[in-house]
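Because only heavy atoms are used, hydrogens play no part in the values below, and waters and symmetry mates are left out as well, while side chains stay in. This is a predicted model, so every value here is computed, not measured.
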Amino acid sequence: MTIFLRLLLVLLGVLVVAPVFAQQAPAPPIRFGSVRSTDFVPAPAASDTAAAVAEYLCDYGTSRLVGGHDKFQVLFERTTRLQIHRKAGYGYATVRVPLYTRDGQYERLTNLKGSTYNLQDGRVMQTKLAADPAFREQLDKNHVLMSFTMPAVREGSIVEFSYTITSDFIFNLQDWQFEHSIPVRWSEYRATLPQFYQYKTITRGYLPFAVKEETVVPYTTTYSSRPQGLAPGQDSHLSAYALQLRWVMKDVPAFRTEPFLTTPHDYMRSVHFELAGTNFTGHDYQDVTGKWPALWKVLEKEDHFGLLLSGRSPLAAAAETLRQQHDDPKDRAAAVLALVQRTVKHNGKIDLFGSQPVRRTLELRLGNTADVNLLLVSTLRAAGLPATPLLLSTRGHGQMQQLVPALSQFNYVAAHVQLPDSSDLLLDATEPQLPAGLLPERCLNGQGCLADASGRWLTIRPAARHLEFRTAKLHLTEQGALDGSLKLEYQGYAGLEARRSIRQTSVADYLASLRQQWTEWQPTPPKLLLSDSAQAAVAVEMALHLPAPNNPQATLLYLPVMRLLGAVPYQFRAPTRHYPVDFAMPHEYTSLVTLTLPPGTTVQELPASVVLALPNAGGRFQYQVTQLNPETVQFMARLQLSRAEYSPAEYAALRELHQQAAAKCGEMLVLSRK
């Protein structure tokens, strides 16, 4: 049955049951070419836009399905008006429009028009966009980037543009982003979905919508087909009902990157669509959503993925030796991992797909993430282990949606081994000495999907913590100077981060960067203690000297010992936060300082000890000062953040804990001198 005949049946069903209509949809929030002098009125000085380099005055988009020649198409229209406040915002006058093409189908940019408006002597002066201004850039075989730059832009200009995208890909309506790195006064998106196409709607972000509504509206389109009994090219008018979705956000502040985020696109408010199914008769719903197991069928035939695993591993002989040496599957997997790690290196490039055959990777001893880890999977199998590629999205690539079975969500592959006790062992060979069961921090993004017939999803939990230890032995001179030694130790993910920094730069550069942290001190050149085992701490030792204060005759001496040593990190400056705090793994910072006093110096006042805790066992801060004897005072500070992620509702308590910890470490040890 053709789509045309099915649609005729839809119309019959519509006549039987007619939904109740909502009120008529509101008028569009913007009309192209209607800029007036009042639009140039600056925002109030206290508003978020006052300091912005540019702002969106109105961004309005619509998507609807329209009939075409033997198919439906998506018609997306956008009209945008923004104001450039400063020269630093001139880049927003260049607009980039990505387009997609595949298998003879494509997206087309049409109806492009634009104008720049400047206020001169109280009059609005208009400069139109030149004819055919778009520049085309072929990014790859499936992606084209069209760009155009608005003319006559200067500080205070209002630029306005409008365009249409006609797409053959009805499975994926245009996404919409409400939140940007500059403020947005009004952003609105409407999608009209006829009843014979059903979509999954996925929203991301945390800021609230001003309007979020669904209404039933009449739907009419023209469809051209050549079904039996009709003349070629005869048009038919189709009338049915459609679901109209409308989202509005207003007075949206500029998105600002804060500490401990993944990629900003995970947090910016946006809406996305995926075609879920079709129903052309009212009772023959067809699920067209891809299934996760089906991804492996695609990858299995992919030259740069599945076919790389189809042959014998070039390390098969060594793998067979390891198989005979290690009966325990976990020990054998660890041995195979070490074999691949010392044989090939990661070239720094991240990709889901390999760039070369696995044998070539071995010959070059170099490859991207997929080259290295697909060689790992192949070698694990050669060692008799049930290894499977694990599809991931790195933290910088974005979070995944299990509702959307699409390869584009992934940009990374690691290795998975199912152990005899049914537990999951995850492995990654891209970092030297990285132990089995531990993935690089970039992979700690919540979940991953097995690339096999099961398509099973795994929760990715950090197998280690970020641990930092500081141990200092100081003595106070009679003149009031501080001398001593400091040892820094980094374990878990802190140690892996330190090793990566050393590999990517040099030992000298790494130590130089550490030395710069001690600006109040006069440190000696640091000494690095680095074990071959990644599970051992990365340690740095240095001698420290803090000059005596300028008042050598003072009888009272005030020392903020723990502040001087940076005992507790403080990184939460913003008073509020709309987004989760994502540490990737639990963190712990411990500082232990032993201070020896000179003869004739006594303790006048010790900072009070304290224990602070977050709700729901989320973490704690412990601070303790003990006078061991008349000449020795010991300080201990420990900040423990026991969870990898904290919600926006927990941010205030998390920030308060850091503030109190920092304040406590800033308290003075008061000493009396004769």
Side-chain angles (χ1 to χ4, degrees), residues 138-143 295-325 332-394 396-397 407-417 425-436 438-440 442-443 448-452 499-500 503-504 534:
Q138 188 78 39
L139 300 179
D140 54 46
K141 67 177 183 179
N142 296 120
H143 297 90
L295 287 181
W296 175 236
K297 294 182 180 179
V298 176
L299 288 172
E300 194 174 27
K301 301 176 182 178
E302 170 61 48
D303 291 340
H304 300 288
F305 198 99
L307 295 184
L308 296 178
L309 299 171
S310 60
R312 175 180 168 87
S313 169
L315 292 172
E320 179 59 34
T321 300
L322 295 177
R323 181 176 186 172
Q324 296 174 6
Q325 293 175 347
R332 193 189 316 161
V336 172
L337 174 64
L339 168 66
V340 176
Q341 286 172 325
R342 64 176 178 264
T343 303
V344 297
K345 292 183 178 180
H346 176 215
N347 62 12
K349 297 180 180 179
I350 292 176
D351 207 316
L352 177 65
F353 298 100
S355 64
Q356 58 202 4
V358 289
R359 187 166 297 280
R360 181 63 174 166
T361 300
L362 182 61
E363 291 172 354
L364 296 175
R365 296 183 176 270
L366 193 69
N368 66 24
T369 51
D371 293 324
V372 173
N373 282 332
L374 290 178
L375 174 61
L376 173 63
V377 171
S378 178
T379 309
L380 288 165
R381 291 176 177 177
L385 295 167
T388 305
L390 177 64
L391 307 180
L392 298 168
S393 173
T394 60
H397 185 253
L407 281 175
S408 60
Q409 291 202 89
F410 305 103
N411 71 326
Y412 197 93
V413 58
H416 168 270
V417 171
L425 180 65
L426 309 183
L427 307 102
D428 189 297
T430 61
E431 295 198 15
Q433 296 98 34
L434 186 70
L438 205 64
L439 294 181
R442 58 177 172 264
C443 298
C449 182
L450 292 179
D452 62 8
R499 291 174 185 274
R500 187 183 308 112
R503 287 197 309 271
Q504 293 176 349

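Rounding to the nearest 0.5 angstrom, the gap separating the CG atom in Leu439 from the OG1 atom in Thr430 is 9.0 Å. Here CG of Leu392 is found 8.5 Å from CG of Asn411. Values are rounded to the nearest 0.5 Å. With rounding to the nearest 0.5 Å, the separation of OG1 in Thr394 from OH in Tyr412 is 8.5 Å. Expressed to the nearest 0.5 Å, how far CG of Leu366 lies from OG1 of Thr361 amounts to 8.5 Å. Note that the OG atom of Ser378 and the CG atom of Asn373 stand 12.5 Å from one another [nearest 0.5 Å]. Note that the CG atom of Leu426 and the CG atom of Leu438 stand 9.5 Å from one another [nearest 0.5 Å].
Partners of His397 according to the side chain to side chain donor-acceptor pair (under 3.5 Å) rule, which considers only residues two or more places apart in sequence or in another chain, are Ser393. With sequence neighbours left out, Glu320 forms a side-chain contact (heavy atoms from CB on, under 4.5 Å) with Arg323, Gln324. Residues meeting the side chain to side chain donor-acceptor pair (under 3.5 Å) test with Thr388, sequence neighbours left out: none. Taking Gln433 as the reference, nothing meets the side chain to side chain donor-acceptor pair (under 3.5 Å) condition, with sequence neighbours excluded. With sequence neighbours left out, Phe410 forms a ring pair (Phe, Tyr, Trp, His ring centres under 6.0 Å) with Trp292. For Ala383, the side-chain contact (heavy atoms from CB on, under 4.5 Å) partners are Ala319, Arg332, Val336, not counting sequence neighbours. In this view, Asn368 satisfies the side chain to side chain donor-acceptor pair (under 3.5 Å) rule with no residue, not counting sequence neighbours. Every side-chain contact (heavy atoms from CB on, under 4.5 Å) that Ala335 has, sequence neighbours left out, goes to Leu322, His326. Under the salt bridge (charged side-chain N to carboxylate O under 4.0 Å, His left out) criterion, Arg442 pairs with Glu431, sequence neighbours left out. Evaluation of the salt bridge (charged side-chain N to carboxylate O under 4.0 Å, His left out) rule for Glu302 yields no partner, not counting sequence neighbours.
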Worksheet item: side chain to side chain contact (heavy atoms under 4.5 Å, CB included) between Thr369 and Val413: does it pass, once the steps are laid out?
Response: CA-CA 7 Å; Thr369 51; Val413 58; 5.7 Å; no
Worksheet item: Could you walk me through whether Leu427 and Leu376 pass the side chain to side chain contact (heavy atoms under 4.5 Å, CB included) check?
Response: CA-CA 9 Å; Leu427 307 102; Leu376 173 63; 4.0 Å; yes
Fill in: Steps toward side chain to side chain contact (heavy atoms under 4.5 Å, CB included) verdict (Phe353, Asp371)
CA-CA 8 Å; Phe353 298 100; Asp371 293 324; over 6 Å; no
Worksheet entry | Stepwise side chain to side chain contact (heavy atoms under 4.5 Å, CB included) check, Cys449 with Leu390 | CA-CA 6 Å; Cys449 182; Leu390 177 64; 5.7 Å; no
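Under a 3.5 Å cut-off, the side chain of His304 and the backbone N or O of Gly354 do form a donor-acceptor pair.
Between Lys297 and Glu300, no side-chain nitrogen of the basic residue sits less than 4.0 Å from a carboxylate oxygen of the acidic one, so the salt-bridge criterion is not met.
At least one side-chain heavy atom of Val340 sits less than 4.5 Å from a side-chain heavy atom of Val344. Taking the side chain as every heavy atom from C-beta outward, Val298 and Leu407 approach each other to under 4.5 Å.
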Show me the side-chain donor-acceptor pairs of residues 308-315 shorter than 3.5 Å, one per line, residues at least two apart or across chains.
from   : atom 1 : to     : atom 2 : distance (Å)
Ser310 : OG     : Leu307 : O      : 2.7
Ser313 : OG     : Leu315 : N      : 3.1
Ser313 : OG     : Thr379 : OG1    : 3.0

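Applying the side chain to side chain donor-acceptor pair (under 3.5 Å) rule to pairs touching residues 338-353 yields nothing, sequence neighbours excluded.
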